[in-house]
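Convention: sequence-line order gives letters A, B, ...; per-chain numbering from 1. Values reported hereafter were calculated over all heavy atoms of this structure, with side chains retained and with hydrogens, waters and symmetry mates removed.
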There are 2 protein chains.
Amino acid sequence: MKPKLTLKKIAKELDVSISTVSKALRDSPEIGEETREKIKAFAKHYNYKPNNIALSLKNRKTKTIGIIIPEIVHHFFTTVISGVEKVANEMGYNVLVCLSDNSFDKEVLNMEMLANGSTDGFILSLAKETMQKGDYHHLQEAINQGMPLVLFDRVVDSIACDKVIIDDVAGAKKAVQHLLDVGCRRIAMISTVDYVSVGKLRTKGYKEALEENDIEFDENLILKIEEMEDSEKEIEEFLSNCEVDGVFAVNEHFAISAVKTLQESGKKVPQDVSVIGFTDGELSKRFIPGLTTVSQHGMRIGEESARLLIEKLERTPTEEDYYKTIIVETGLVVRDSTKSKK
Amino acid sequence: MKPKLTLKKIAKELDVSISTVSKALRDSPEIGEETREKIKAFAKHYNYKPNNIALSLKNRKTKTIGIIIPEIVHHFFTTVISGVEKVANEMGYNVLVCLSDNSFDKEVLNMEMLANGSTDGFILSLAKETMQKGDYHHLQEAINQGMPLVLFDRVVDSIACDKVIIDDVAGAKKAVQHLLDVGCRRIAMISTVDYVSVGKLRTKGYKEALEENDIEFDENLILKIEEMEDSEKEIEEFLSNCEVDGVFAVNEHFAISAVKTLQESGKKVPQDVSVIGFTDGELSKRFIPGLTTVSQHGMRIGEESARLLIEKLERTPTEEDYYKTIIVETGLVVRDSTKSKK
DNA sequence: TTTCAACACGAAAACGTTTTCGTAGTTTCG
DNA sequence: CGAAACTACGAAAACGTTTTCGTGTTGAAA
């Protein structure tokens with residue numbers, strides 16, 4: 001187990017000074033050609049690689065970006081990570097992944113850990129608990145300390161920073177419009193609670209679509225689900241109590257539960273009821289019938305976030321601050337859970 | 001944007017030396033009570049946190065562990081990460097995630113990046129290309145440099161290090177035995193290519209189960225799939241050309257494709273053909289019919305890996321080396337894609 | 001021969017810690 | 001009262017780099 005080679009060791013071995021070694025390896029013209037070649041040959045032969053930690057300390061930047069997400073066992077978030085990783089790697093950055101488990105405390109803890117030098121900046125999607133609580137002091141603190149921050153998906157208006165989101169309203173509208181187009185008239189919506197911005201925005205899109213088509217909004221056709229755990233039962237109860245010909249679900253799971261429930265109660269999908277979901281994951285793709293769904297391009301969201309962050313990191317500090325919000329558009333993937341247009 | 005507080009600044013502000021500040025904050029009895037309290041109060045008030053990079057440099061350890069996986073958009077790997085993250089966090093470690101994209105070159109590059117001080121050790125599942133190539137010099141190099149390495153899932157015998165695997169043979173055997181128990185006699189297997197150890201081992205389990213039940217092994221009942229992309233077509237072709245009453249698939253996707261194909265060709269699952277998969281993901285759970293499957297507990301694999309690695313990291317270097325291989329047992333999750341036992 | 005660039009290299013500071021060792025000033029004890 | 005032992009603190013080295021600023025040695029110009 002040979003310890004790592006350092007400049008100092010090379011210097012001693014070749015009987016020159018540390019500075020000379022450093023300069024030679026960085027091709028400084030200050031060093032004579034002969035010495036330079038000798039040092040470079042030696043370094044190459046013994047596979048010298050500079051120590052990142054020392055470099056980080058010296059340069060005051062780590063070349064790693066921290067991403068904090070509520071959960072990782074979730075298709076959408078993994079695609080985002082994948083996107084972040086891709087462009088980060090291309091730009092010579094590493095990615096430190098932390099999970100908040102949707103807990104406010106863990107989110108704060110993670111940020112504090114990473115803020116003390118481990119990371120140059122953050123990419124973050126808020127924990128459910130954080131949004132509920134409405135306490136964003138940890139975000140503001142990071143920003144105040146000069147750490148760039150990019151919020152994605154679950155964002156909040158009151159923090160001034162770069163953001164990457166999808167057009168939830170437009171996406172939901174698109175979905176509901178599709179249901180209307182294929183002939184649905186009584187459309188239920190299965191959503192999450194409102195404090196997750198996503199729930200509110202998609203509800204808005206739902207309403208807008210109805211309005212534009214002169215269909216009356218009916219509060220009773222909306223189900224808001226608090227806990228993932230009991231969702232299946234709630235959906236079953238909800239759907240058995242209201243006569244509908246279309247269902248707009250705010251994620252894959254709800255959509256699938258809806259299909260299951262409907263089928264079990266003797267209804268046919270899509271002949272009797274059309275169902276449309278949000279988030280295009282493995283589930284939607286492989287389910288039978290294939291789920292028509294609104295796809296949010298997680299990979300692109302990750303890529304844009306990383307690009308935004310790195311841009312901030314590498315800009316000279318004198319350039320003035322301004323914050324962008326990038327909207328990654330959603331797409332409609334039509335499969336077999338909605339009737340075809342007439 | 002106030003810059004971070006450092007020992008030096010505190011020292012200057014309070015007109016003491018840096019050493020005094022450092023000692024006071026670490027509750028050294030060397031420092032008088034009065035001074036100590038003053039310094040601690042100041043530090044607390046201005047929220048001093050030591051710089052991790054400086055600590056890393058000084059202590060020669062980063063308190064972060066690197067995990068390199070072939071792909072992240074994959075339920076199994078995300079559960080593993082989740083497990084690693086969990087125990088890493090509990091023990092005060094951070095997790096650096098890198099993706100090899102199943103490419104040998106990216107795997108090597110990632111290891112080199114992280115080996116230069118970014119990480120104290122590795123948790124790694126080999127890229128497909130790496131296994132195919134059989135070139136493991138980068139692993140050996142890391143070990144030689146004194147960086148502990150834990151291999152999981154896709155491991156290789158020739159490298160001496162800690163390993164966490166599942167009992168692929170037993171798991172496959174269990175699956176096939178289940179098919180036999182519910183009355184299947186002609187059982188097809190849909191597998192991956194052999195150089196991924198998983199493919200080979202599960203095939204072995206398949207054969208063993210048949211053998212123990214005195215059923216003749218038929219080469220024609222095995223399909224080996226190279227590329228994920230074309231799997232669906234291949235499976236369709238394969239199943240339409242052989243009469244079977246049971247299918248053992250080596251992952252969720254293959255299992256689902258099998259069910260789909262069978263249903264389309266008029267067969268009923270599980271009445272006519274029973275199908276069993278490997279890896280218990282969202283897909284298996286939510287599919288209709290729910291997929292009977294062998295579950296590999298990714299979370300536990302991650303936890304065990306992290307524990308193993310951290311144990312190595314924190315043991316005193318004098319303790320002798322020995323390597324463990326932990327086998328995380330698989331479970332059989334019976335759902336609706338296999339007939340019930342008679 | 002003197003003067004001065006140009007050249008080739010080294011010393012030292014800096015990044016932010018921790019830790020060893022040294023040393024004033026005070027107390028204790030014989 | 002002198003020596004020894006504490007007490008409370010500071011100086012400096014070390015971790016591995018990069019970079020600024022010397023400085024000694026050449027060679028050429030004057």
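Summarising the geometry, the separation between CG on A:Leu7 and C1' on C:dA11 is reported as 15 Å, rounded to the nearest angstrom. Summarising the geometry, the separation between CZ on A:Arg60 and P on C:dT17 is reported as 11 Å, rounded to the nearest angstrom. Atoms CD (B:Glu30) and C1' (D:dA11) sit 13 Å apart, rounded to a whole Å. As rounded to whole Å, 11 Å separates atom C1' of C:dA12 from atom NZ of A:Lys23. Atoms NZ (A:Lys49) and P (D:dT17) sit 13 Å apart, rounded to a whole Å. Between the P atom of C:dC15 and the CD1 atom of A:Ile53 lies a distance of 18 Å, rounded to the nearest Å. Taking atom CG of A:Leu57 as the reference point, atom C1' of C:dA14 lies 9 Å away to the nearest angstrom. When rounded to the nearest whole Å, the span between CD1 of A:Ile18 and P of D:dG16 equals 10 Å.
Taking 4.0 angstrom as the limit, B:Arg36 places none of its side-chain polar atoms (N or O) nearer than this to OP1 or OP2 of D:dA8. Residue A:Thr6 has no polar side-chain atom (N or O) positioned under 4.0 Å from OP1 or OP2 of D:dC15. OP1 or OP2 of D:dT17 sits under 4.0 Å from a side-chain N or O of A:Tyr48. Between B:Lys8 and C:dC15 there is a side-chain N or O to OP1 or OP2 distance below 4.0 Å. Proximity of A:Arg26 to the phosphate of D:dT17: no side-chain N or O atom is located under 4.0 Å from OP1 or OP2. Remark: B:Thr20 is not in phosphate contact with D:dA8, judged by side-chain N or O atoms under 4.0 Å from OP1 or OP2.
Within the nucleic acid shown, A:Ser56 has no heavy atom closer than 4.0 Å to any nucleic acid atom.
Side-chain atoms of B:Lys9 and base atoms of C:dG16 include no donor and acceptor less than 3.5 Å apart. A donor-acceptor contact under 3.5 angstrom links the side-chain atoms of B:Ser19 to the base of D:dA11. With hydrogens and angles ignored, no donor-acceptor pair closer than 3.5 Å exists between the side chain of B:Lys4 and the base of C:dG16. No donor-acceptor contact under 3.5 Å links the side chain of A:Lys58 to the base of D:dT17.
Set against D:dC15, C:dC9, C:dT18, the side chain of A:Ile31 has C:dC9 as its closest nucleotide. Side-chain proximity of A:Ala54 to C:dC21, D:dT17, D:dT18: nearest is D:dT17. For B:Asn51, whose side chain is taken as the heavy atoms from C-beta onward, the closest listed nucleotide among D:dT18, D:dG10, C:dT17 is C:dT17. In the set D:dT18, D:dG16, D:dC9, D:dT18 carries the atom at the smallest distance from any side-chain atom of A:Ser22. For A:Leu55, taking side-chain heavy atoms from C-beta onward, the closest of the listed nucleotides D:dT17, C:dT17, C:dG10 is D:dT17.
Residues A:Ile326 and A:Leu308 have side chains in contact (heavy-atom distance under 4.5 Å, counting atoms from C-beta outward). Between B:Val21 and B:Leu14, every side-chain heavy-atom pair lies at or beyond the 4.5 Å cut-off. Put simply, the side chain of A:Phe104 reaches to within 4.5 Å of the side chain of A:His138, judged on heavy atoms.
Note on B:Lys324 versus B:Asp162: no salt bridge recorded, every NZ/NE/NH1/NH2 to OD/OE distance being 4.0 Å or above.
Residues B:Asn52 and B:Lys63 bring no donor and acceptor atom of their side chains to less than 3.5 Å of each other.
In A:Tyr46, the OH atom is not crowded: 12 or fewer heavy atoms of neighbouring residues, nucleotides or ligands sit closer than 6.0 Å.
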